[in-house]
> 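Below you will find the structure I want to go over with you.
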Amino acid sequence: FLAYLQQGYGEEILDTINLIIVPRLSPDGSQLYQRLLPSGVNPNRDQLRLESAEMQALQAGYLLFRPEIVLDGHERVWNNQAGDMQVSASFTTMNSDNFRTTALELDEAAFRELEANGLCGYYYAAAVNGEDPNMGSAYYAMDGTIYVLMESRGIHGGNEAMERRATSHMAAVTGML
């Protein structure tokens, strides 16, 4: 993905936006095909508690840069029920109409790029209101940041369809950029 951004369209994008890429937050968990950090903390539910060093570092970076948009790539439990990628931009009723419109436009841009790559995208069925406030989608949206959750199938999938899973993430992000 970084090589892609260093050429053609990527150079054009990088002339107009600041892009910060956070590598995999739990490489140890990934190796074991699980979400948990070696400490046993689930980083997906540690946005407010900040029990883990990894989430403390991520929070420090967030507060330092205060991004307008967060694109958060995840892998969901492996199944064949929900296509290649689920995408959901989160916002709250406190956000302006323009904010909500932009968030939904990002979803649609991801779906167009997924389709152009022969991949299947679906809306992720999640909403901030009523969600666990320790989830990133709730946390960032309440802070005024457009947060887009992207979930490919993967957890417990081992190396199965790894190229397709990686392509799903790249297509969704490319579409939104």
Side-chain angles (χ1 to χ4, degrees), residues 1-26 30 35 43-44 47 55 58-59 61-77 81-129 131 135-155 157 161-177:
F1 185 70
L2 292 176
Y4 169 79
L5 287 175
Q6 293 174 334
Q7 55 188 316
Y9 183 59
E11 286 182 357
E12 181 182 321
I13 290 171
L14 294 177
D15 284 340
T16 60
I17 66 169
N18 292 318
L19 180 65
I20 300 165
I21 297 174
V22 177
R24 184 177 296 271
L25 200 57
S26 180
S30 176
R35 289 184 174 170
N44 291 348
Q47 297 290 331
M55 289 308 297
L58 186 66
Q59 175 71 356
Y62 173 78
L63 293 174
L64 177 65
F65 294 105
R66 302 303 277 207
E68 294 173 336
I69 299 172
V70 170
L71 306 179
D72 193 357
H74 287 251
E75 290 185 321
R76 66 180 186 278
V77 174
Q81 304 300 316
D84 296 297
M85 176 68 69
Q86 292 178 315
V87 180
S88 177
S90 294
F91 47 83
T92 72
T93 54
M94 299 178 301
N95 300 129
S96 69
D97 288 341
N98 188 47
F99 185 102
R100 290 189 292 273
T101 299
T102 300
L104 294 172
E105 287 171 351
L106 288 170
D107 283 351
E108 292 303 319
F111 294 139
R112 282 191 301 274
E113 191 67 25
L114 286 163
E115 185 177 349
N117 281 274
L119 300 164
C120 209
Y122 294 89
Y123 278 104
Y124 193 100
V128 170
N129 297 328
E131 257 187 33
M135 291 181 65
S137 54
Y139 176 82
Y140 293 118
M142 288 186 293
D143 192 46
T145 296
I146 294 175
Y147 172 92
V148 182
L149 176 62
M150 302 169 294
E151 295 243 10
S152 68
R153 37 185 175 173
I155 296 174
M162 185 62 76
E163 184 176 344
R164 188 174 184 95
R165 289 156 50 193
T167 301
S168 296
H169 279 278
M170 186 162 166
V173 170
T174 300
M176 287 183 273
L177 290 178

> Using the rule side chain to side chain contact (heavy atoms under 4.5 Å, CB included), only one of Val173, Thr167, Thr174 pairs with Met170; which is it?
Thr174
> Over all heavy atoms of both residues, which pair between Leu119 and Ala171 is shortest? Give the atoms and the distance, please.
CD1-CB, 4.3 Å
> Ignoring hydrogens, what is the shortest heavy-atom contact between Gly175 and Ala109? Give both atom names and the distance.
O-CB, 3.4 Å
> For a side-chain contact (heavy atoms from CB on, under 4.5 Å) check, start with the C-alpha distance between Phe99 and Thr102, then their side-chain angles and the critical distance, and finish with the verdict.
CA-CA 5 Å; Phe99 185 102; Thr102 300; over 6 Å; no
> Give me the atom names and distance for the closest heavy-atom approach of Leu25 to Pro43.
CD2-CB, 3.9 Å
> Is a side-chain N or O of Ser88 found less than 3.5 angstrom from the main chain of Leu149, in a donor-acceptor match?
no
> If you look at every heavy atom in Leu106 and Met176, which pair is closest and at what distance?
O-CG, 3.2 Å
> Rounded to the nearest 0.5 Å, how far apart are CD of Glu151 and NE2 of His169?
8.0 Å
> More than 12 heavy atoms of other residues, nucleotides or ligands under 6.0 Å from CD of Glu115: yes or no?
no
> Please give me the minimum heavy-atom distance between Ala172 and Leu114, naming the atom from each residue.
N-CD2, 4.3 Å
> Do Asp97 and Arg100 have side-chain heavy atoms sitting under 4.5 Å apart?
yes
> Between CD of Gln86 and CE of Met150, what distance do you get to the nearest 0.5 Å?
12.5 Å
> Distance check, rounded to the nearest 0.5 Å: Glu163 atom CD versus Ser168 atom OG?
10.5 Å
> Going by distance alone, is a donor N or O of one side chain under 3.5 Å from an acceptor N or O of the other, for Asp72 and Tyr147?
yes
> Looking at every non-hydrogen atom in both residues, tell me the closest pair between Ala89 and Ala103 and how far apart they are.
CB-O, 3.2 Å
> If you round to the nearest 0.5 Å, how far is SG of Cys120 from CZ of Arg164?
8.5 Å
